[in-house]
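The structure under discussion appears below in the form of C-alpha coordinates.
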Amino acid sequence: AYTAHRGLLDLHRMVDSSLDALVRDIGLVIQTESVAVVGIEDLHSLAHGFDPQTVLCRLDNATQNPILLVAEPALCNTVLTRIWRCERETDSALTQVEGAIVQQFLADVVARWRSAWVRNGIEGTLPSFVAASSLSMLVDANSADAWFVARTVVLDPDEDEPVGVLLFCYPNVLVPRLIE
(Lines give C-alpha, C1' and ligand atoms only; values in the text may rest on other atoms or scores of the structure.)
Protein backbone atom coordinates (compact mmCIF):
# COMPACT_ATOMS: atom_id res chain seq x y z
CA ALA A 1 0.00 0.00 0.00
CA TYR A 2 1.10 3.54 -0.77
CA THR A 3 1.29 5.19 2.64
CA ALA A 4 1.52 8.85 3.58
CA HIS A 5 5.08 8.26 4.80
CA ARG A 6 6.13 6.68 1.50
CA GLY A 7 4.37 9.38 -0.55
CA LEU A 8 6.05 12.25 1.29
CA LEU A 9 9.42 10.52 1.06
CA ASP A 10 8.98 10.18 -2.71
CA LEU A 11 7.96 13.85 -3.02
CA HIS A 12 10.99 14.98 -1.09
CA ARG A 13 13.43 12.87 -3.01
CA MET A 14 12.31 14.95 -6.02
CA VAL A 15 13.12 18.07 -4.03
CA ASP A 16 16.54 16.77 -2.97
CA SER A 17 17.85 16.80 -6.53
CA SER A 18 16.54 20.32 -7.14
CA LEU A 19 18.32 21.60 -4.03
CA ASP A 20 21.61 20.09 -5.13
CA ALA A 21 22.86 23.20 -6.95
CA LEU A 22 21.94 25.46 -4.03
CA VAL A 23 23.82 23.47 -1.39
CA ARG A 24 26.64 22.34 -3.70
CA ASP A 25 27.66 26.01 -4.11
CA ILE A 26 28.51 26.07 -0.41
CA GLY A 27 30.11 22.63 -0.37
CA LEU A 28 27.22 20.57 1.01
CA VAL A 29 24.97 17.72 -0.13
CA ILE A 30 21.43 16.92 0.90
CA GLN A 31 19.40 13.75 1.40
CA THR A 32 15.88 13.20 2.73
CA GLU A 33 16.16 10.28 5.12
CA SER A 34 12.79 9.71 6.71
CA VAL A 35 9.28 10.88 7.45
CA ALA A 36 7.96 10.95 11.00
CA VAL A 37 4.78 12.09 12.68
CA VAL A 38 5.24 14.52 15.57
CA GLY A 39 2.99 16.60 17.81
CA ILE A 40 2.92 20.37 18.18
CA GLU A 41 4.86 20.00 21.45
CA ASP A 42 7.72 18.41 19.49
CA LEU A 43 7.89 21.44 17.21
CA HIS A 44 7.84 23.73 20.25
CA SER A 45 10.72 21.77 21.78
CA LEU A 46 12.91 22.66 18.78
CA ALA A 47 12.81 26.30 19.90
CA HIS A 48 14.56 25.73 23.24
CA GLY A 49 17.96 27.36 23.46
CA PHE A 50 18.79 28.69 20.03
CA ASP A 51 15.69 29.38 17.99
CA PRO A 52 15.77 27.68 14.55
CA GLN A 53 15.15 29.85 11.50
CA THR A 54 11.88 28.97 9.82
CA VAL A 55 9.79 29.87 6.81
CA LEU A 56 6.04 29.58 6.57
CA CYS A 57 4.66 28.23 3.27
CA ARG A 58 1.22 27.58 1.93
CA LEU A 59 0.07 25.20 -0.75
CA ASP A 60 -1.51 27.01 -3.68
CA ASN A 61 -5.26 27.42 -3.27
CA ALA A 62 -5.03 26.58 0.45
CA THR A 63 -5.54 29.55 2.74
CA GLN A 64 -5.39 27.46 5.90
CA ASN A 65 -2.97 24.82 7.17
CA PRO A 66 0.48 26.27 6.52
CA ILE A 67 3.64 24.23 6.03
CA LEU A 68 6.81 24.98 7.98
CA LEU A 69 10.37 24.63 6.72
CA VAL A 70 12.75 24.60 9.69
CA ALA A 71 16.55 24.85 9.61
CA GLU A 72 17.96 23.60 12.88
CA PRO A 73 20.57 25.87 14.54
CA ALA A 74 23.53 23.65 13.52
CA LEU A 75 22.50 23.98 9.87
CA CYS A 76 22.06 27.76 10.20
CA ASN A 77 25.57 27.96 11.64
CA THR A 78 27.04 25.81 8.86
CA VAL A 79 25.34 27.80 6.10
CA LEU A 80 26.68 31.07 7.57
CA THR A 81 30.17 29.62 8.06
CA ARG A 82 30.23 28.51 4.41
CA ILE A 83 28.85 31.81 3.10
CA TRP A 84 31.18 33.98 5.24
CA ARG A 85 34.08 31.54 4.65
CA CYS A 86 35.13 31.76 8.26
CA GLU A 87 34.21 30.01 11.49
CA ARG A 88 31.56 31.50 13.75
CA GLU A 89 30.79 30.68 17.33
CA THR A 90 28.47 27.67 17.35
CA ASP A 91 26.61 28.80 20.46
CA SER A 92 26.15 32.44 19.49
CA ALA A 93 22.73 33.75 18.60
CA LEU A 94 22.21 34.97 15.05
CA THR A 95 22.58 38.66 14.40
CA GLN A 96 19.80 40.37 12.47
CA VAL A 97 21.90 40.23 9.28
CA GLU A 98 22.75 36.55 9.80
CA GLY A 99 19.07 35.74 10.41
CA ALA A 100 18.15 37.53 7.18
CA ILE A 101 20.81 35.56 5.25
CA VAL A 102 19.54 32.22 6.54
CA GLN A 103 15.93 33.24 5.86
CA GLN A 104 16.87 34.12 2.26
CA PHE A 105 18.57 30.73 1.95
CA LEU A 106 15.32 29.08 3.12
CA ALA A 107 13.26 31.21 0.71
CA ASP A 108 15.55 29.92 -2.07
CA VAL A 109 14.90 26.36 -0.85
CA VAL A 110 11.13 26.99 -1.17
CA ALA A 111 11.53 28.36 -4.72
CA ARG A 112 13.54 25.29 -5.78
CA TRP A 113 11.12 22.98 -3.96
CA ARG A 114 8.24 24.49 -5.98
CA SER A 115 10.21 24.18 -9.25
CA ALA A 116 11.00 20.52 -8.54
CA TRP A 117 7.34 19.68 -8.16
CA VAL A 118 6.43 21.63 -11.34
CA ARG A 119 9.13 19.76 -13.32
CA ASN A 120 7.66 16.49 -12.08
CA GLY A 121 4.13 17.37 -13.23
CA ILE A 122 2.59 18.35 -9.90
CA GLU A 123 0.00 21.09 -10.32
CA GLY A 124 -2.29 23.05 -8.03
CA THR A 125 -0.64 21.86 -4.81
CA LEU A 126 2.61 23.79 -4.93
CA PRO A 127 4.39 25.40 -1.98
CA SER A 128 4.64 29.19 -1.89
CA PHE A 129 6.72 31.30 0.46
CA VAL A 130 4.66 33.37 2.95
CA ALA A 131 6.95 34.60 5.75
CA ALA A 132 10.29 33.99 7.43
CA SER A 133 11.22 34.29 11.09
CA SER A 134 12.40 32.25 14.03
CA LEU A 135 10.43 29.11 14.87
CA SER A 136 9.07 30.55 18.11
CA MET A 137 7.55 33.46 16.16
CA LEU A 138 5.79 31.21 13.64
CA VAL A 139 4.86 27.98 15.40
CA ASP A 140 2.27 29.44 17.80
CA ALA A 141 0.13 30.43 14.84
CA ASN A 142 0.08 26.81 13.68
CA SER A 143 -1.78 24.34 15.82
CA ALA A 144 -2.20 21.06 14.00
CA ASP A 145 -2.80 17.95 16.08
CA ALA A 146 -0.06 16.11 14.25
CA TRP A 147 2.65 17.06 11.78
CA PHE A 148 4.28 14.89 9.14
CA VAL A 149 7.96 15.83 9.01
CA ALA A 150 10.28 14.99 6.12
CA ARG A 151 13.74 14.97 7.72
CA THR A 152 16.36 16.12 5.22
CA VAL A 153 19.96 15.76 6.35
CA VAL A 154 22.63 18.12 5.05
CA LEU A 155 26.08 16.55 4.79
CA ASP A 156 29.64 17.71 4.25
CA PRO A 157 30.70 15.41 1.37
CA ASP A 158 34.40 15.64 2.29
CA GLU A 159 33.76 14.47 5.84
CA ASP A 160 30.67 12.36 5.05
CA GLU A 161 29.25 13.82 8.25
CA PRO A 162 25.87 15.44 8.88
CA VAL A 163 26.16 19.17 9.55
CA GLY A 164 22.49 19.91 10.11
CA VAL A 165 18.91 19.11 9.29
CA LEU A 166 16.12 20.74 7.29
CA LEU A 167 12.63 19.76 8.43
CA PHE A 168 9.70 20.02 6.01
CA CYS A 169 6.67 20.03 8.36
CA TYR A 170 3.16 19.35 7.01
CA PRO A 171 0.00 19.48 9.14
CA ASN A 172 -1.72 16.10 8.96
CA VAL A 173 -4.82 17.56 7.24
CA LEU A 174 -2.74 18.42 4.13
CA VAL A 175 -1.15 15.01 3.68
CA PRO A 176 -4.04 13.25 1.87
CA ARG A 177 -4.16 16.12 -0.63
CA LEU A 178 -0.41 15.86 -1.21
CA ILE A 179 -0.52 12.11 -1.74
CA GLU A 180 -3.27 12.49 -4.36
Side-chain angles (χ1 to χ4, degrees), residues 5-6 8-36 38 42-43 45-57 67-120 122 126-139 147-170:
H5 285 78
R6 181 73 196 161
L8 285 176
L9 200 55
D10 288 348
L11 283 172
H12 277 282
R13 291 202 169 134
M14 288 177 203
V15 177
D16 287 356
S17 60
S18 75
L19 296 179
D20 185 49
L22 180 65
V23 295
R24 185 179 51 231
D25 288 346
I26 55 175
L28 300 170
V29 294
I30 181 168
Q31 176 182 330
T32 300
E33 286 192 339
S34 62
V35 174
V38 301
D42 296 312
L43 292 181
S45 71
L46 292 172
H48 290 301
F50 298 99
D51 212 359
Q53 293 300 298
T54 306
V55 295
L56 186 70
C57 306
I67 299 168
L68 296 171
L69 173 59
V70 180
E72 69 161 354
L75 178 60
C76 296
N77 190 62
T78 299
V79 167
L80 290 168
T81 295
R82 299 293 172 103
I83 289 171
W84 293 131
R85 295 179 190 213
C86 64
E87 292 297 318
R88 70 181 297 280
E89 286 292 321
T90 327
D91 295 338
S92 61
L94 299 180
T95 66
Q96 189 173 4
V97 170
E98 289 173 331
I101 290 168
V102 173
Q103 290 169 7
Q104 182 58 57
F105 173 78
L106 293 175
D108 292 345
V109 169
V110 174
R112 290 172 187 258
W113 172 11
R114 182 181 179 90
S115 296
W117 284 4
V118 168
R119 274 194 314 277
N120 284 281
I122 298 171
L126 301 170
S128 296
F129 174 86
V130 174
S133 188
S134 62
L135 179 64
S136 62
M137 297 293 290
L138 294 177
V139 81
W147 293 78
F148 282 78
V149 176
R151 182 177 184 269
T152 301
V153 176
V154 182
L155 302 157
D156 180 330
D158 296 331
E159 306 284 326
D160 200 26
E161 294 270 328
V163 295
V165 176
L166 274 175
L167 302 173
F168 295 81
C169 308
Y170 300 89

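Not measured: the values here are computed from a predicted model.
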Flag, side chain of Arg82 to backbone of Gly27, donor-acceptor distance under 3.5 Å: yes
So, Arg112 and Asp108, do they make that salt bridge, N to O below 4.0 Å? no
To the nearest 0.5 Å, what is the distance between CG on Leu135 and CE on Met137? 11.0 Å
Of Glu98, Gln103, Glu72, which meets side chain to side chain donor-acceptor pair (under 3.5 Å) against Gln53? Gln103
Assess whether side chain to side chain contact (heavy atoms under 4.5 Å, CB included) is satisfied between Phe168 and Ile67, documenting all intermediate values. CA-CA 7 Å; Phe168 295 81; Ile67 299 168; 5.6 Å; no
What one should report as the nearest heavy-atom pair of Val149 and Cys169 is CG2-SG, 3.9 Å
In terms of heavy-atom contacts, does CG of Asp25 have more than 12 from other residues, nucleotides or ligands at under 6.0 Å? yes
Stepwise side chain to side chain contact (heavy atoms under 4.5 Å, CB included) check, Val35 with His12: CA-CA 10 Å; Val35 174; His12 277 282; over 6 Å; no
When rounded to the nearest 0.5 angstrom, what is the spacing between CG in Leu68 and CG in Leu106? 11.5 Å
Might you point out which heavy atoms bring Pro162 and Val153 nearest each other, and give the distance in Å? CB-CG1, 3.7 Å
Drop me the distance from Thr152's OG1 to Leu69's CG, to the nearest 0.5 angstrom. 8.5 Å
How close do Val165 and Leu75 get, counting heavy atoms only, and between which atoms? O-CD2, 3.7 Å
Please evaluate residues Leu28 and Thr78 with respect to the criterion side chain to side chain contact (heavy atoms under 4.5 Å, CB included), reporting the C-alpha separation (whole Å), side-chain torsions for both, the decisive distance (0.1 Å), and the verdict. CA-CA 9 Å; Leu28 300 170; Thr78 299; 4.1 Å; yes
Least distance between heavy atoms, Thr54 atom then Ser134 atom: OG1-C, 4.0 Å
Could you give the distance from CG (Leu8) to OG (Ser34), rounded to the nearest 0.5 Å? 11.0 Å
Rounded to the nearest 0.5 Å, how far apart are CD of Gln96 and CD1 of Ile101? 11.5 Å
Flag the pair Val29 / Arg24 as yes when at least one side-chain heavy-atom distance between them is below 4.5 Å, and no otherwise. no
Leu94 versus Leu80: any side-chain heavy-atom pair under 4.5 Å? yes
Aromatic ring pairing Trp113/Tyr170, orientation class (parallel under 30°, perpendicular over 60°, tilted between): perpendicular
Minimum heavy-atom separation for Val110 to Val55, with atom names? CG2-CG2, 3.8 Å
Looking only at atom types and distance, does a side-chain atom of Thr32 sit under 3.5 Å from a main-chain N or O of Arg13, one as donor and one as acceptor? no
Would you give the length of the straight line joining atom OG of Ser115 to atom CG of Leu126, rounded to the nearest 0.5 angstrom? 9.5 Å
I want to check something: taking the side chain as every heavy atom from C-beta on, are Val109 and Leu19 in contact at a cut-off of under 4.5 Å? yes
